[in-house]
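Here the structure is a predicted model, which means the values were calculated and not measured. Chain A is the first sequence line, chain B the second, and so forth, proteins listed ahead of strands; every chain is numbered from 1.
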Amino acid sequence: MPLYILQRLGMMLLTLWAIVTLTFFLMHAVPGGPFVSERMLAPEIEAALNAKYGLDQPIWVQYLSYLRGIVTLDLGPSFKYPGVSINTMIADGLPVTLRTGLLAVIAVVALGVPLGIVAALNRNRWPDTTVMLIATIGVAIPSYVIATVTLYIFALRLGWVPTFGLDDWRGYILPVFALSGFWISFVARLTRSSLLETFEQDYMTTARAKGLRPGQVLFKHGLRNSLIPVITILGPVVANLITGSFVIEQIFALPGIGRQFVLSITNRDYTAIMGITIFYAAALMVMILIVDLLYAVLDPRIKLTEASA
Amino acid sequence: MSDIAPEMWDKLSPSDSAAVTSAPSLTYWQDARRRLFANKPAVVSIIFIVLLILAAIFGPLFSPFTYADQNLRLANIPPAFETYSVADGQGGTTRFFLNASNFNLYEVDAEGHVLGLLRGERKDMLKKSQAFIFGDTTITLDYSKLPARLLAEDGATISPSGWSWNRTYIFGTDQLGRDVLVRQLYGARISLTVAFVATLVNFFIGIFYGGIAGYIGGKTDAVMMRVVEIIATIPLTLYVVLLMVVFDSGLYSIIIAIGSVFWVDMARIVRGQILSLKSQDYVAAARTMGAGTGRILTRHLLPNSIGPIIVTLTMLIPSAIFIESFMSFIGLGVTPPLASWGTLTSDAVETMRAYPHQLFFPAAAISLTMFAFNFLGDGLRDALDPRFRR
């Protein structure tokens, strides 16, 4: 197990380095410097600015100093907002993004799994068809459509929730719902099919044959085994919640990292784009690692294969 | 399953177990087609997709407008309206409707064609009212209290005489007076082009990469799959964003960006298939007969793994459509005045309080298209995957 974690950590660092490198050179491939704008700067001023941010150095020197910054967790200054560092930008947006994201993950698990169980237990009867219909709708409709349409209906027309901002708890309802809608549906479908597959297993027949109560059969034997695929996809869920938050935070005007990212794109604030991308990637990989470790803990079969490998 | 009937334990007589094999034998494709066409949602989806493609290609030809034609005097017209008619006292009547969000009156004919903006007298800014004169009749638009209403000369509220669909702009117009329907059709063109081309690019890269990794195997495979693993951990949407920033927005860049990033799944599937197929006897037979690597790959291995490949392809299309509209929504997609479903939706968000129709149509279009491709993908999976064979 410790060896496995070490291996994974090494792999993660390698990936992170690849991401930093790729991002750095991609952003430097953009034609024009960061200070090129409609208002022509005097050449002296531009040279001074370039010197201040180290842009007059050869590219590999810039790359090394950026890498050094990453290692010391310093993502550098913003080119559009003088005096603001990317670290502060992220730190400012983090609480909002984290809160909505966490609520969305909770919603995915708390709604998706029970819906899947209900559907599987009532296979081909109306609860199943209803859940599957809703799940099909939820998987097909893009999150920004869910966000805008629910915003129109529930905030503008009915006035049940505020149209923007997070001043009270009702402000969270629509963003969290739009963010998690796809994954609630996905998890419901996954839980259902996985549970149905588990029901076919011999050990389920055994459990029933030895006279266990239906609840015990479902929770101790059925659910425990069929939730494993659900847990594996939680990593990608987090990834997609992050990218989903770009649009959702913009639509609901939430001051999170996603909105900051979209704003940086519009402003062509290259260091901010770079920094936030790297931050996202790192956060994501840590999440996936945690989920994978959790997975190994929950499923003894995984641990065995890893130990023998 | 929980009740095992006692008679199930009975011994069977030989005649009971004689299997009856009377079903006609079908080839793989005949069987797949039969099962696909038995799947109603999939059939409806195919019809929808074909109609959508036809509409995207030919629809704009039949419209008098193009996606860029602006008419600021006819901006924000809804797809249906309540009409009023006013007699001018000289034998003529004028039919018009009131756009309650921007306080304009538009003349319409009996069928519902929009004729133009009606010019009123000077607006009385203090009383928030405006007079309109039709021959001998004067009516007043009063917007001091919302919703705005029309008053006759005696001060009575005029109520609408009927309602009508908009025959000139079937889906209404946007904030620059452009026809929403035509922009939708152009949006469909863009979304579908991006989806199909990007999927094709992914398909070739994936087949090439996965095929080589799976066929050569060993160290090459290990290294190539490690690379795929690294790429798969990177949030791909982020990379599409970065590539779009580098390339600058536009139709070609978004095709390149999506096409170069989403081949990972395809490569994995192809590799898995090839890995399991290459040890089959017919491959060994082909090799003994002197077939080269290229021939074995293209004639034996790829055709036999085509089922899962097609399913993955069909699933890639909706994600490409989604990513394209997503990028356009955050302002990295096609450039104005070109429209895609994503830009149409994001433009409509700004005005949705007053003109929800501008939001409704693109949102419905993309949702229905996503539905259709999802159902088609599910249907193809059920039809092509032998594990679902019943």
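Of the atoms belonging to A:Ile19, heavy atoms from both backbone and side chain fall under 4.5 Å from chain B. When heavy atoms are compared at a cutoff of 4.5 Å, A:Ile251 approaches chain B solely by way of its side chain, counted from C-beta outward. Residue B:Ser325 touches chain A through both its backbone and its side chain, counting heavy-atom pairs closer than 4.5 Å. With a threshold of 4.5 angstrom between heavy atoms, A:Met274 does not approach chain B through any atom at all. In this structure, the portions of A:Ile137 lying under 4.5 Å from any heavy atom of chain B include both its backbone and its side chain.
Contact of the A:Thr136 side chain with the B:Phe375 side chain is registered, since non-hydrogen atoms from C-beta on lie closer than 4.5 Å. With contacts defined as side-chain heavy-atom distances shorter than 4.5 Å, the pair B:Phe326/A:Phe246 qualifies. Looking at A:Tyr152 and B:Val349, their side chains never come closer than 4.5 Å, going by heavy atoms from C-beta outward. The shortest side-chain heavy-atom distance between A:Met27 and B:Leu242 falls under the 4.5 Å cut-off.
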Test B:Ser346 against A:Tyr144 for side-chain hydrogen bond (donor to acceptor under 3.5 Å, both in side chains), laying out the working first.
CA-CA 9 Å; B:Ser346 78; A:Tyr144 71 84; over 6 Å; no
B:Val241 vs A:Phe261, test: side-chain contact (heavy atoms from CB on, under 4.5 Å). Steps then yes/no.
CA-CA 10 Å; B:Val241 170; A:Phe261 189 59; 3.8 Å; yes
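Heavy-atom pairs under 4.5 Å with chain B were tallied for A:Ile265, A:Leu16, A:Ile273, A:Leu151; the largest tally goes to A:Ile265. With chain A as the partner, the residue from B:Val245, B:Asp378, B:Leu332 showing the most heavy-atom pairs under 4.5 Å is B:Val245. Contact count against chain A (heavy-atom pairs under 4.5 Å) is highest for B:Phe371 among B:Phe322, B:Phe360, B:Phe371. Among A:Thr148, A:Val139, A:Ile141, A:Val149, the residue with the largest count of heavy-atom pairs under 4.5 Å with chain B is A:Thr148.
Contact record, B:Met370 with A:Ala140: CB-O, 3.0 Å, taken as the closest heavy-atom pair.
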